[in-house]
Amino acid sequence: MAETAESGGFNIHPMDQFEVKSLFGGDIAFYTPTNVTLWLGLAILATVLLLVVGSRGRALVPTRTQSVAELTYGFIRNMIEDITGKEGLKYFPYIMTLFMLILFGNALGLLPYSFTFTSHIAVTAFLAVLVFVAVTILGFVKNGAKFLGLFWVSDAPLVLRPILAIIELISYFVRPVSHSIRLAGNMMAGHAVIKVFAGFAGALGLGAVAPIVAIVAVYGLEALVAFIQAYVFTILTCVYLKDALHPGH
Amino acid sequence: MATGADAAEHTSSGMPQLNFETFPNQIFWLAIALVIMYFVLSRIALPRIGSVLEDRHNTIANDLEQANNLKRKAEEAEEAYNKALADARAEANRIAEATKADIKKDIDAAVAKADAEIAAKVAESEAQIAEIRKSALKSVEDVANATTEDIVNAILPGSADAKSVKAAITSRLKG
């Protein structure tokens with residue numbers, strides 16, 4: 001992409017926004033506060049403002065912020081209950097953690113000059129692998145060897161079962177990959193597209209009506225995608241959790 | 001993009017997402033963020049919102065129950081009112097019937113008394129009328145006697161005999 005920008009003569013660097021930078025300069029060691037740290041902190045702050053500060057009145061008739069907090073709570077809680085049943089509610093705090101962190105990571109990333117940590121494969125892969133490992137361990141702890149029934153399709157013809165088992169096994173291990181790349185890819189692509197159009201607008205100067213209209217449209221779409229991808233990540237986590245709690249088809 | 005992995009000294013030439021040098025940093029801070037977020041949510045936010053929702057649910061259930069109770073009471077009161085109204089109506093009817101019967105008895109008695117008085121008066125009047133008639137007949141006889149005597153005296157002076165005249169008239173009147 002950098003090459004096309006150079007050959008087009010524009011000074012567009014759509015990927016620069018994703019660069020991890022140290023906040024105070026210097027090399028990046030694992031403990032260095034970076035823009036990742038800053039925007040993770042802001043996502044936590046936003047969550048605290050919404051869910052903790054928003055609900056501090058404990059009002060019987062909720063204020064607007066409390067109402068939004070309650071809606072978010074009910075949204076995720078119902079999702080878990082619908083997909084995994086009552087026993088999945090034990091994991092509600094962690095799933096809520098995932099949802100809020102990704103949602104605010106996506107949403108805050110839409111602010112100009114911000115940094116979107118959910119566009120980084122390192123972040124999303126860590127989240128997805130955490131879910132994958134936790135769900136796999138949980139599956140074996142809860143069901144023992146019966147958890148392997150997830151790969152043995154008992155209502156298929158006997159001849160097909162080993163083949164299906166291999167396919168199921170592959171698809172099981174591909175889960176964290178698709179789980180993480182879906183989120184990071186969506187975030188990265190959307191932000192890069194906005195940045196490219198912004199570069200066009202900068203190059204065209206005052207006559208840049210079309211790129212600006214395009215930016216507005218893509219931005220609206222991205223606002224939707226920010227929510228939908230947080231939702232998708234969470235609902236997939238619930239689906240994997242359901243497989244661990246109730247293996248078999 | 002393939003250069004992204006080895007572009008250590010010049011990260012902007014590829015995808016910053018594939019610059020593995022920043023991975024430990026990102027994962028370190030992400031892990032810390034997850035832990036903080038988890039504790040904030042599981043210790044403060046979620047229990048609080050959960051209890052608020054439960055409180056509201058209970059309050060609404062209580063209010064509904066109370067409303068049902070009050071409604072039932074209102075229905076009972078209406079029933080009692082209707083019953084009282086029906087009782088009062090029956091009582092009023094009973095009183096009206098009794099009064100009517102009393103009045104009828106009084107009227108009957110008064111009518112009977114009036115009839116008796118009227119009968120007595122009629123009898124008295126009839127007696128009077130009979131007496132008047134008798135005295136009137138007697139007067140007629142007297143007048144006839146006197147007149148006849150006078151007439152006889154006028155035609156034949158000195159020949160009038162009161163006794164015979166009277167006998168003649170009596171026979172005439174009877175005839």
Side-chain angles (χ1 to χ4, degrees), chain A residues 1-3 13 15-22 27-34 36-41 43-44 47-48 50-52 54-62 66 69-70 72-74 77 92-94 96-98 100-101 105 117 119-123 125-127 130 184 188, chain B residues 1-70:
Chain A
M1 280 189 191
E3 280 167 12
H13 301 293
M15 306 310 278
D16 279 5
Q17 56 176 325
F18 300 121
E19 224 165 301
V20 177
K21 290 177 199 142
S22 174
D27 290 337
I28 296 174
F30 77 89
Y31 53 83
T32 318
T34 55
V36 181
T37 322
L38 173 66
W39 290 96
L40 278 169
I44 292 175
T47 309
V48 167
L50 175 62
L51 295 184
V52 178
S55 69
R56 78 186 184 287
R58 297 165 186 265
L60 209 56
V61 178
Q66 190 185 329
E70 284 169 8
T72 318
Y73 178 98
R77 197 186 162 88
F92 175 43
Y94 186 68
M96 191 75 175
T97 302
L98 283 180
M100 297 313 290
L101 199 68
F117 57 83
S119 71
H120 273 263
I121 196 73
V123 170
F126 184 72
L127 293 175
L130 222 55
M188 190 182 75
Chain B
M1 285 200 195
T3 57
D6 54 27
E9 87 288 339
H10 193 228
T11 46
S12 64
S13 68
M15 286 172 67
Q17 279 88 347
L18 297 179
N19 181 1
F20 292 106
E21 286 190 351
T22 65
F23 274 32
N25 182 275
Q26 295 189 49
I27 289 167
F28 172 71
W29 288 110
L30 175 62
I32 288 177
L34 279 176
V35 170
I36 294 173
M37 193 79 137
Y38 183 82
F39 276 99
V40 167
L41 290 185
S42 66
R43 292 290 150 86
I44 306 172
L46 300 185
R48 187 190 288 174
I49 297 174
S51 75
V52 168
L53 289 177
E54 196 170 331
D55 281 356
R56 183 173 311 143
H57 184 261
N58 289 341
T59 308
I60 290 172
N62 282 342
D63 285 359
L64 281 179
E65 200 179 323
Q66 213 173 339
N68 270 335
N69 279 341
L70 289 176

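Model, not experiment: these values are computed from the prediction. Letters go in sequence order (proteins before strands), and every chain restarts at 1.
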Given heavy-atom pairs under 4.5 angstrom as the criterion, report whether the side chain, backbone, both or neither of A:Ser55 touches chain B.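 Both parts, heavy atoms under 4.5 Å.
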Below 4.5 Å from any heavy atom of chain B, which atoms of A:Ala29 appear? Answer side chain, backbone, both or neither.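 Only the backbone of A:Ala29 comes within 4.5 Å of chain B.
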Using non-hydrogen atoms and a 4.5 Å limit, figure out which bit of B:Leu46 sits close to chain A: side chain, backbone, both or neither.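 Both backbone and side chain of B:Leu46 come within 4.5 Å of chain A.
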Using heavy-atom distances under 4.5 Å, tell me whether B:Leu30 contacts chain A through its side chain, its backbone, both, or neither.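 It is both, since atoms from each part get that close.
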Which residues satisfy the ring pair (Phe, Tyr, Trp, His ring centres under 6.0 Å) test with B:Phe23, sequence neighbours excluded?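 Listed in chain order: B:Phe20.
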Could I get the full list of ring pair (Phe, Tyr, Trp, His ring centres under 6.0 Å) partners for A:Tyr31, not counting sequence neighbours?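 With sequence neighbours excluded, A:Tyr31 shows a ring pair (Phe, Tyr, Trp, His ring centres under 6.0 Å) to no residue whatsoever.
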Sort out for me which of [options] touches chain B most, counting heavy-atom pairs under 4.5 Å.
options: A:Pro62, A:Ala184, A:Ala43, A:Gly74; result: A:Pro62
options: A:Ile28, A:Ile121, A:Leu60; result: A:Leu60
options: A:Gln17, A:Arg77, A:Met188; result: A:Met188
options: A:Leu130, A:Leu98, A:Leu51; result: A:Leu51
options: A:Val48, A:Leu101, A:Leu50; result: A:Leu101

Do the ring centers of A:Phe92 and A:Tyr73 come within less than 6.0 Å of each other?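 That pair passes the under 6.0 Å test.
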Just grab all the side-chain hydrogen bond (donor to acceptor under 3.5 Å, both in side chains) pairs involving residues 23-39 of chain B, residues at least two apart or on different chains.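 Non-adjacent pairs meeting side-chain hydrogen bond (donor to acceptor under 3.5 Å, both in side chains): A:Thr34-B:Asn25, A:Thr37-B:Trp29, A:His120-B:Gln26, B:Thr22-B:Gln26.
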How about [X] and [Y]: do any of their side-chain heavy atoms sit closer than 4.5 Å?
X: A:Phe30; Y: B:Ile27; answer: no
X: A:Leu40; Y: B:Met37; answer: no
X: A:Met15; Y: B:Pro16; answer: yes

Any residues in residues 49-60 of chain B near chain A, with a heavy-atom distance under 4.5 Å, and which are they?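 Within residues 49-60 of chain B, the residues under 4.5 Å from chain A are B:Ile49, B:Gly50, B:Ser51, B:Val52, B:Leu53, B:Asp55, B:Arg56, B:Thr59.
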Heavy-atom pair of closest approach, residues A:Ser22 and A:Thr32: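 Here A:Ser22 and A:Thr32 meet closest at OG-CG2, 3.4 Å.
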Donor-acceptor contact below 3.5 Å, side chain A:Gln66 vs main chain A:Ala59: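 Yes; judged by distance alone, with no hydrogens or angles, the pair exists.
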With a 3.5 Å distance limit and no angle check, can you tell me whether B:Arg48 reaches the backbone of A:Val52 through a side-chain donor-acceptor pair?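 Yes: the side chain of B:Arg48 pairs with the backbone of A:Val52.
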